[in-house]
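All chains are named by letter (A, B, ...) in the order of the sequence lines, taking the proteins before the strands, and each is independently numbered beginning at 1. This structure is a prediction, so every number in the text was calculated from the model and none was measured.
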Amino acid sequence: MSVQNQPTATVAPEKPQKSASDNKSKKSDNKSKKKESDRRYKALDMTMKRHHYEADALIEVLHKAQDTFGYLEEDVLRHVAKGLKLPLSRVYGVATFYHLFSLKPGGEHTCVVCLGTACHVKGASELLADLEAELGIKVGETTSDGKISLLGARCIGTCGLAPAIVIDEVVSGKQTSEETIKQIKDALAQ
Amino acid sequence: MDINELHAMAEQEQLRRKPHRIRYCTSAGCVSAGAIAVKDGLKAAVKDGKLDNEIEISSVGCMGLCARGPLVKVEPSEIFYENVTAEQAASVVSTCHGGATDAKVSDLEHPFWKLQQPIVLENRGRINPERIEEYVQVGGYQSLHKALTDMTPAEVVEEMKKSGLRGRGGGGYPTGLKWETVAKMPPGQKYVICNADEGDPGAFMDRSILESDPHRVLEGMAIAGYAVGATHGFVYTRAEYPLAIKHLQKAIKQAKKFEFLGSQIFGSGFDFKVDIRIGAGAFVCGEETALMHSIQGARGNPRPRPPYPAASGLWDCPTLINNVESFANVAPIVRNGGDWYASIGTEDSKGTKVFALTGKITNTGLIEVPMGTTLRQIVEEMGDGVPDGGVVKAVQTGGPSGGCVPADLLDTPVEYKSLLKLGAIMGSGGMIVMDEGTKMVEIARFYMEFCREETCGKCVPCRTGTVQLYELLDKISKGQGTAKDVEQLEKLSYMVKEMSLCGLGQTAPNPILSTLDYFKQEYLDLLQSPADLNGNKIEATANAPSA
Amino acid sequence: MGKVKFATVWLAGCAGCHMSFLDMDEWLIELAQHVDVVYSPVGSDLKHYPDGVDVCLVEGAIANVDNLELIQEVRQKTKILISFGDCAVTANVPGMRNMLGGAESVLTRGYLELADAGKQFPNEPGIVPELLDQVQSVHNVVPVDIFMPGCPPPADRIKATLAPLLKGEMPVMEGREMIKFG
Amino acid sequence: MSVVTLKIDGVDVAIAAGSSVMQAAQEASVEIPRLCYLEGLSTVGSCRLCVVEIAGINKLLPACTTEVREGMDVTTQSPKLQDYRRMVLELLFGEGNHVCAICVANGNCELQDMAIAVGMDHSRFPYRFPDRKADLSHTQFGIDHNRCILCTRCVRVCDEIEGAHVWDVSQRGEFCHITSGLDQPWGDVDACTACGKCVDACPTGAIFRKNDTTGEKVGDREKLEFLVKARENREWVR
């Protein structure tokens, strides 16, 4: 009875790929931040407009918001609710149902460990345990310096390569713990 | 676009072709094995040898033998090379002009290839998925033309019924009947949905089809739309499949440009458009009512059926939902007739089935075999068994909804009926081989963990039954279980199976029930020894802090 | 027929079930004619749980090592063990500490965070029993023969449960009068 | 309006086509256990307590969402149904923190009633003791998630009858919980009209009036049905 007790914890969320604009916004200084965010809201508005502000487009719009902002912060959800004329609780309910939507910012880099059956049979859980030990975080968490998020995926569909991982959108197969840790270090060094 | 233009398009493509083509696989398996470096090597060799006018280097989708990537195919000699390295690229290019290479030639006489009968995968290794011209060149969109100009919608439905095709997503409902039900609904707005939310861990058939041959799926959907009277289709796919989405988006754009989608297709009165909807990480959205909620921007909660989508689906309109592989079978059935399709396979199960062969098996990959092929042929002959002389213990089909077939039943043919009888299911096509080292209780626990995390939480048996089932399995696999726990496990499994609202919960206990059936001793071996038993001994003894 | 060897046990609970037992008033006199009270905080002075007990009412949940030791002894030496009241059946109020996590976090909350003065853990080995990490219902620890929920079970329910046992019959635990929680 | 006739536990019933098996059972004065069903609200078929056996159909079907058909032969009580329903109750008790002794709804709780109806004298499955919160930010009401069984009656009553849609379900699976607004304190949600319909709809003590203490909550569940019918038929007298 340990981790399961927290209603807020999502188990092994699959993770959005981070967009270029997200990285950019992190680097931007405070002065340009406001402008930057206005531009992002505009992009979101465009998407809503393209869907004729129809409530049914909620998931499409949240995809766009996640891509644009990196995660779904409260103001963004409010903006979407207003734009699509939806109750706040409905928007929140949908945003938290789907594992690809994140209400918290993720790390600069992501390492996804595939936990599908084929990978499991070939030792993915041991691999994950080693990575958790190496990074000092649990699956679904981000290191305290915000550098890297460790995530689990249900199945990335490359079962022939089990066990497989995805570091910053690049798939690598037939992994050993040492190989993956090296790749993570390389990614962090960039 | 009319039929002459279609033929002209195919001819043009034929004329455009250079005398030699070298195809390299761009699917995830080969790419992570180094296919990109191989491609660069091939292109460099062509450039260096000034062979641009003679040899074309072109990408294709998955060629199937993922275990031995990167795969390269040379045309027109049709020689397959396995495990090609960048260093070997130049010598492979040289074979076009009689040169020699030390790249390993794939043995096309091997059962892995010989026992296959590609229908869904008929264009495997033959077309660049990003070019509609290549699809047209191999006969693409001719079935759509045939349906629209030579057949009535009722005739198309009739061919589908004759074919005996059953839903390839796992349910196995006769596709023709489903089409007929939707077709018979009163005219008005209807929809066609392609379920590409392939979520079973260990399955990648649909991803491969969408990545390698997206037009075939679109063509199948358009024919379905014509048959049932729908003008709007949706493909609902996973965000985890970016390449499939990209190829599909491109394919839709091209199909619109060449008017295979749009208004008055082939000059008929039939209009059809296709939109993509991208999931956001929820296995339960593979369930058809959950999927429709998701398309409508809601939480992916299933609802009780009836009403079935055929009567009341998307936006309460009659809706036809089939999966990717089912739609991929449509064009060949229309082209060759339902009787032809029905002549393949067995009495119970017609046609072929695509499987993703993975786990402890030498030749992991994607295969398409006629129904009735035995599991033994697939695992031992095609797959070359467990690597390093290991012994097969069981084959798992159907993922978290399926069951394990023990090694002594491997002579079972791949058929809906036969697999169901064994407590396994056909499923969508994931086939995972387990060797002697695999602990079956652990496998059951793994699948239950999956279901526990993927249950939507709407109905009680599935939301909390999966949690209790998981905890029981966890307790047993840690050696803390009692005989009573095993009994409880079985009872609760039946309850969750019979009481849950949708397919996820109704099938979630299958991995437990099938391992209890065939590997009960493994459960019993894990129970507390009688010496530990003092009634039910408490598991956590005193654990007070050291003050 | 010899007298029924009868016991009552008080584990982690508020003693309210025992108070309700005493509320049976004059029926207690009738009960006394049929039973020998061989162990009970309200009916006997014996310090050790004897062998060969026929019926035992167990009030309270299993919260510490003493509870654990006693319930295992009770189970071994008792024919019919009755989970007596909600704490025994569900862990009830004592079980609410389980939501805080293990014993350490419970003690930290109770004796450090919420203490006004003298912040320290109670520690007197052999006298203050150590807490279990989780408070458990009785049937999670040992097999139970009859469940009598209620907080406390009303006197009539206790009587309706015991009376058939005195005649050698099992009580029927059904309906609002017999199994309502709370 | 066409009428269909069917049998419920051997009793012949005639009822308007399009009615549910649940409504037909009511017509036949047969009690079917239920928790998520509430007259006047849409049906969701999620608690699964009202599943029944129908002759000729090899699946158990929920009475609340299954339409009556001519000649249907419905069985609402059988040893199997009783056993499965009891397991559902055990799972519900084990999933939250249902401490009846200290609950506002003690004695007036549908969860408690159902436990009695299915003969649950204890749970065979261990209680999970989840760490759940209570929200007392509203001036008049409180919500204690420990007592919530996720029947979604509050969500539906607020959306369908009051039209405020304060509530919805967030997260998924075992982490599902009822959420107000953007997971804000209930008292901060602008849309709430403090109408109290969710209090009346709640089958347990999860949503309550703040001045009620143990055993004092008396929900008026029929009020919602009355209200719906009053609006439909313009009958404003109970």
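- Of all the heavy atoms in D/C176 and B/C456, the pair that sits closest is SG-O, 3.4 Å.
- Within 6.0 Å of OH on B/Y494 lie no more than 12 heavy atoms contributed by other residues, nucleotides or ligands.
- Distance check, rounded to the nearest 0.5 Å: CD of B/E487 to CZ of D/R124 gives 9.5 Å.
- Here B/R303 contributes atom CZ and D/T65 contributes atom OG1; the two are 10.0 Å apart, rounded to the nearest 0.5 Å.
- Of the candidates D/L150, D/V44, D/T152, D/V169, D/V44 is the only one forming a side chain to side chain contact (heavy atoms under 4.5 Å, CB included) with B/K458.
- Using a cutoff of 4.0 Å between basic side-chain nitrogens and carboxylate oxygens, B/R463 and D/E95 are scored as salt-bridged.
- D/R172 places a side-chain heavy atom less than 4.5 Å from the side chain of B/E454.
- Of the atoms belonging to D/V88, heavy atoms from both backbone and side chain fall under 4.5 Å from chain B.
- D/E67 is not listed as a side-chain neighbour of B/P306, based on a closest heavy-atom distance of 4.5 Å or more.
- Ionic pairing of D/E174 and B/R452 is present here: one or more N-O contacts between side-chain nitrogen and carboxylate oxygen are shorter than 4.0 angstrom.
- For the pair B/L492 and D/L91, the minimum side-chain heavy-atom distance is below 4.5 Å.
- Heavy atoms closer than 4.5 Å to chain D are found in the backbone of B/S500, but not in its side chain.
- Only the backbone of D/I149 comes within less than 4.5 Å of a heavy atom of chain B; no side-chain atom from C-beta onward does.
- Taking the side chain as every heavy atom from C-beta outward, B/E471 and D/R128 approach each other to under 4.5 Å.
- Residues D/M87 and B/M499 form no side-chain contact, since every pair of their non-hydrogen atoms from C-beta on lies 4.5 Å or further apart.
- In this structure, the portion of B/Q468 lying under 4.5 Å from any heavy atom of chain D is its side chain and not its backbone.
- Contact annotation: the side chain of D/D83 never approaches that of B/M495 to less than 4.5 Å [non-hydrogen atoms, C-beta and beyond].
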